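See structure below.
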Amino acid sequence: MFVAQELRKNNIAEYLLYMWQVEDTIRAFGCSLSRIRKEYIDRFNYTDEQKEEEADWFGNLIRMMNQEGCREQGHLQINKVVMQQLQELHAQLLASPKFPFYNSEYYKVLPFIVELRNRGADKDENEVETCFNSLYGVMMLRLQKKEITPNTQAAVKEITTFIGMLNDYYLKDKQEPLEFE
């Protein structure tokens, strides 16, 4: 919860990736709050009050995962809304002549997006979600200490730059709405 709050304010892209990881963490503990308390939250150097806050947060996420039918897979509605906001901003940035650097970076990343979709990525997901799924997949490979090919590393470098730009525009738009025309 504490990490999520900080990331939400400062880096929406990292926030979303973190929240996907939290969803997977909850699944890894069988959606059991008592296990999450004992085997996960207790490992952190939190005060008793912070541990309670963290447990409440996880409890709410578990409840939402059960209600929203994403106990086994998928994403919480709160995370889908963030993804939708990013996709909408992406579309606005592409449609506007005021953001040529963003457009340029998008066209550098587009071949990777097309390749990812041809490799079996969900055809219904938007381009931004395809980018996030690739970043999350590589993050999981790194955590598992698996090899990442040079081609994948090159793709991830470009995707990271692109998503970083989108993140920066998102934060700027939240501080003071961007003008697209």
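The model shown is predicted, which means the values in this text are computed figures rather than measured ones. Numbers here simply count residues along the sequence, with the first being 1.
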| message | Assess the residue pair Asn66 and Arg63 against the criterion (side-chain contact (heavy atoms from CB on, under 4.5 Å)); give the C-alpha distance rounded to whole Å, side-chain angles, the decisive distance to 0.1 Å, and a yes or no. | response | CA-CA 5 Å; Asn66 286 327; Arg63 183 181 43 75; 5.7 Å; no
| task | Working to the nearest 0.5 Å, report the span between CG of Leu16 and CD of Glu129. | result | 8.5 Å
| What distance do Thr130 atom OG1 and Leu116 atom CG have between them, rounded to the nearest 0.5 Å? | 7.0 Å
| task | Please report the closest heavy-atom contact between Ile148 and Gln153, naming both atoms and the distance. | result | O-NE2, 3.1 Å
| Counterpart residues, side chain to side chain contact (heavy atoms under 4.5 Å, CB included), relative to Arg35 (two or more places apart) | Phe29, Ser32, Glu39
| query | Does Tyr169 offer a backbone N or O that forms a donor-acceptor pair with the side chain of Asp173 under 3.5 Å? | reply | no
| Heavy-atom distance under 4.5 Å between the side chains of Leu171 and Lys9, does that happen here? | no
| In terms of ring plane angle, is the pair His90 and Tyr102 parallel, tilted or perpendicular, where the classes change at 30° and 60°? | perpendicular
| message | Could you measure the distance from the CD atom of Gln5 to the CG atom of Leu7? Nearest 0.5 Å is fine. | response | 10.5 Å
| Among Ile163, Asn126, Val81, Leu166, the one residue meeting side-chain contact (heavy atoms from CB on, under 4.5 Å) with Leu86 | Leu166
| query | How about Val128 and Leu89: do any of their side-chain heavy atoms sit closer than 4.5 Å? | reply | no
| What's the shortest heavy-atom distance between Ala155 and Phe112, and which atoms? | CB-CD2, 3.4 Å
| query | Around Lys51, counting heavy atoms of other residues, nucleotides and ligands shown, do more than 12 lie under 6.0 Å from its NZ? | reply | yes
| request: Go through Arg27 and Cys70 one step at a time and tell me if the side-chain contact (heavy atoms from CB on, under 4.5 Å) criterion holds. | output: CA-CA 9 Å; Arg27 291 182 187 112; Cys70 56; 4.1 Å; yes
| Would a distance-only check, ignoring hydrogens and angles, find a side-chain to backbone donor-acceptor pair under 3.5 Å from Glu54 to Met1? | yes
| query | Under the 3.5 angstrom rule, does the side chain of Ser96 hit a backbone N or O of Gln92 as a donor-acceptor pair? | reply | no
| Contacts of type salt bridge (Lys or Arg N to Asp or Glu O under 4.0 Å), residue Glu88, not counting sequence neighbours | none
| field | Closest heavy-atom pair and its distance - Ala4, Tyr15 | value | O-CD1, 3.4 Å
| Where do Asn103 and Leu93 come nearest, in terms of heavy atoms and distance? | ND2-O, 3.4 Å
| Residue pairs involving residues 128-155 (criterion ring-ring contact (aromatic ring centres under 6.0 Å, His included); sequence neighbours excluded) | Trp20-Tyr136
| field | Worked check of side-chain contact (heavy atoms from CB on, under 4.5 Å) between Phe58 and Tyr40 | value | CA-CA 11 Å; Phe58 271 99; Tyr40 186 72; 3.7 Å; yes
| Do the rings of Phe44 and Tyr46 sit parallel, tilted or perpendicular, given the 30° and 60° boundaries? | parallel
| query | Rounded to the nearest 0.5 Å, how far does CE of Met165 lie from OG1 of Thr160? | reply | 13.5 Å
| said: So, taking the atom named CG in Asn10 and the one named CD in Glu6, what distance separates them when rounded to the nearest 0.5 Å? | reply: 5.0 Å
| query | What heavy-atom pair brings Lys98 and Phe180 nearest, and what distance separates the two atoms? | reply | CD-C, 4.2 Å
| query | If you draw a 6.0 Å radius around CD in Gln144, do more than 12 non-hydrogen atoms from other residues or ligands fall strictly inside? | reply | yes
| task | Mind telling me whether Phe162 and Tyr106 have parallel, tilted or perpendicular rings, with 30° and 60° as the class edges? | result | tilted
| Can you tell me how far CG of Asn79 sits from OH of Tyr18, rounded to the nearest 0.5 angstrom? | 11.5 Å
| Do Gln21 and Asp24 come within less than 4.5 Å of each other through their side chains, counting heavy atoms only? | no
| Are Leu141 and Val156 linked, directly or through other ILVMFWY residues, by side chains that come within less than 4.5 angstrom of each other? | yes
| Are Glu115 and Arg119 ion-paired here, with the side-chain N under 4.0 Å from a carboxylate O? | yes
| Does a side-chain N-to-carboxylate-O contact under 4.0 Å join Lys108 and Glu105? | yes
| task | State whether the side chain of Asn167 and the backbone N or O of Ala13 hold a donor-acceptor pair below 3.5 Å, judged by distance alone. | result | yes
| query | Step by step, would you call Arg37 with Glu52 a salt bridge (Lys or Arg N to Asp or Glu O under 4.0 Å)? | reply | CA-CA 9 Å; Arg37 267 182 205 264; Glu52 277 308 307; 3.0 Å; yes
| field | Residues Glu23 and Arg71 bridged, charged N to O under 4.0 Å | value | no
| Which atom of Met139 lies closest to which atom of Leu17, heavy atoms considered | CE-O, 4.2 Å
| field | Ser134 side chain to Cys131 backbone, donor-acceptor under 3.5 Å | value | yes
